[in-house]
Amino acid sequence: MAHDPVVELERSDDGVAIITLKNGKVNALSSAVLDELHDIVKSLEVDLPSAVIVTGGERIFAAGADISEFGGPDEATTITARFHRTLDALAALPRMVIAEVAGYALGGGCELAMACDYRVASTKAVFGQPEILLGIIPGGGGTQRLARIVGASKAKEICLTGRQVASEEAKAIGLADEVVEHDELRARTLALASSLASGALIAQALTKDAIDAGLNGTLDEGLAIERDRFAEVFRSEDSQIGVKSFLEHGPGKAEFTGR
Ligand code: COA
């Protein structure tokens with residue numbers, strides 16, 4: 001039976017993709033939400049945007065996995081696989097993915113925000129991994145991504161207590177990259193996405209890939225990845241435009257094509 005979409009995709013004039021979760025009161029990340037989000041990410045892979053914003057609207061980013069779908073280990077295996085498939089695909093998009101966090105980002109909501117490259121939070125935002133309060137553990141990447149973002153000891157404290165982390169603390173520990181007034185949140189994420197949209201998109205993609213791939217290995221492996229991507233970026237039209245513009249007009253004046 002057809003149902004109303006629970007995830008919506010819009011594109012701005014400058015090619016910014018805005019993905020909005022629209023699942024009831026709290027944006028629980030049900031299997032329907034994760035599958036629709038996965039389909040949207042797949043569609044963006046073939047028709048790349050200039051940047052991506054992920055939002056849950058003005059009140060709640062997402063309250064986590066849909067607890068009503070929980071059962072035993074078999075259901076858990078399916079749920080964690082579905083989370084990882086969708087969030088890994090989102091994280092791998094070759095464009096900056098910005099989480100716009102207006103309110104609660106708990107459990108899977110925090111994990112979704114962490115799968116994004118950058119988190120802009122409202123002063124009303126609240127982060128956390130409260131799974132422990134249900135007697136379970138994070139299954140959407142939380143044990144891994146939170147530790148990489150805030151360090152192992154702080155990740156353990158947040159996950160083992162299940163406590164809520166308000167916006168200012170989130171910023172202090174690097175979980176939120178910026179905190180802005182609630183009413184200014186959309187303007188800020190759009191301004192950031194739009195400024196990226198007019199940038200050198202191939203260089204952005206190669207930089208993101210080098211940082212993410214490098215973090216998975218040793219420093220030497222990361223430096224090898226950087227050497228490879230540094231050579232590759234010179235194949236892009238934008239590298240020729242950028243270097244020529246610098247030599248003729250000074251820094252920051254290049255008009256990139258995205259190719
Ligand atoms: N999955 C399924 N349903 C959820 C949910 C979730 N993760 N989070 C909230 N809901 C439901 C509530 O049961 C409630 O249902 P009802 O209206 O039928 O009673 C409804 O959404 C509204 O929740 P409520 O707690 O009344 O809203 P609130 O605005 O007071 O609080 C939260 C919002 C997000 C702080 C609170 O709902 C919460 O803590 N949710 C659980 C977060 C969590 O533990 N996530 C990890 C899951 S593993």
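First listed ligand is number 1; within each ligand, the first listed atom is number 1.
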- Query: Starting from atom 6 (C) of ligand 1, which protein heavy atom do you reach first, and at what distance in Å?
  - Reply: Ala65 O, 3.6 Å
- Message: Keeping Asp14 on the side-chain end and Ala197 on the backbone end, is there a donor-acceptor pair under 3.5 Å?
- Response: no
- Message: Using the rule that Ile, Leu, Val, Met, Phe, Trp and Tyr join whenever any side-chain heavy atoms are under 4.5 Å apart, tell me whether Ile79 and Leu34 fall into a single cluster.
- Response: yes
- Message: Any donor-acceptor pair under 3.5 Å linking the side-chain atoms of Glu237 with those of Thr257?
- Response: yes
- Message: Can you report which non-hydrogen protein atom sits closest to atom 45 (N) of ligand 1, along with the distance?
- Response: Ala63 O, 3.0 Å
- Query: Protein heavy atoms: any of them under 4.0 Å from atom 42 (C) of ligand 1?
  - Reply: yes
- Counting only heavy atoms on the protein side, is anything nearer than 4.0 Å to atom 10 (N) of ligand 1? yes
- Could you point out which residue of Val54, Val26, Leu106 forms a side chain to side chain contact (heavy atoms under 4.5 Å, CB included) with Phe61? Val54
- Item | Option set Leu133, Val26, Asn23, criterion heavy-atom distance to atom 20 (C) of ligand 1, minimum | Val26
- Please identify which atoms of ligand 1 are closer than 4.0 Å to at least one heavy atom of Glu131. 48 (S)
- Task: Using a distance threshold of 4.0 Å (strictly less than), state whether atom 35 (C) of ligand 1 has a protein heavy-atom neighbour.
- Result: yes
- Is there a donor-acceptor pair closer than 3.5 Å between any side-chain N or O of Glu36 and the backbone N or O of Val7? yes
- Message: Any side-chain to backbone donor/acceptor pair from Gln240 onto Phe234? Under 3.5 Å, distance only.
- Response: yes
- Message: Which residue and atom name correspond to the protein heavy atom nearest atom 16 (P) of ligand 1, and how close is it?
- Response: Lys25 NZ, 4.3 Å
- Message: Give me the nearest non-hydrogen protein atom to atom 3 (N) of ligand 1 as residue plus atom name, then the distance to 0.1 Å.
- Response: Asp66 OD1, 4.4 Å
- Query: Protein heavy-atom contact under 4.0 Å for atom 14 (C) of ligand 1?
  - Reply: no
- Message: Under the criterion side chain to side chain donor-acceptor pair (under 3.5 Å), I'd like the reasoning laid out for His38 against Thr86: C-alpha separation, chi angles, the key distance, then a yes or no.
- Response: CA-CA 5 Å; His38 185 260; Thr86 301; 5.3 Å; no
- Can you tell me if Asp66 and Ser31 form a side-chain donor-acceptor pair at under 3.5 Å? no
- Of all protein heavy atoms, the one nearest atom 44 (O) of ligand 1 is Pro130 CG, 3.5 Å
- Message: Suppose we measure from atom 1 (N) of ligand 1 to each protein heavy atom; which comes out shortest, and what is that distance?
- Response: Ile67 N, 3.0 Å
- Note the single closest protein heavy atom to atom 39 (O) of ligand 1, along with its residue, its atom name and the distance in Å. Leu106 CD1, 4.0 Å
- Item | Exercise: do Asp220 and Thr218 side chains pair donor with acceptor under 3.5 Å | no
- Query: Is there a protein heavy atom at a distance of less than 4.0 Å from atom 30 (O) of ligand 1?
  - Reply: no
- Message: Looking at atom 18 (O) of ligand 1, tell me if a protein heavy atom falls under 4.0 Å from it.
- Response: no
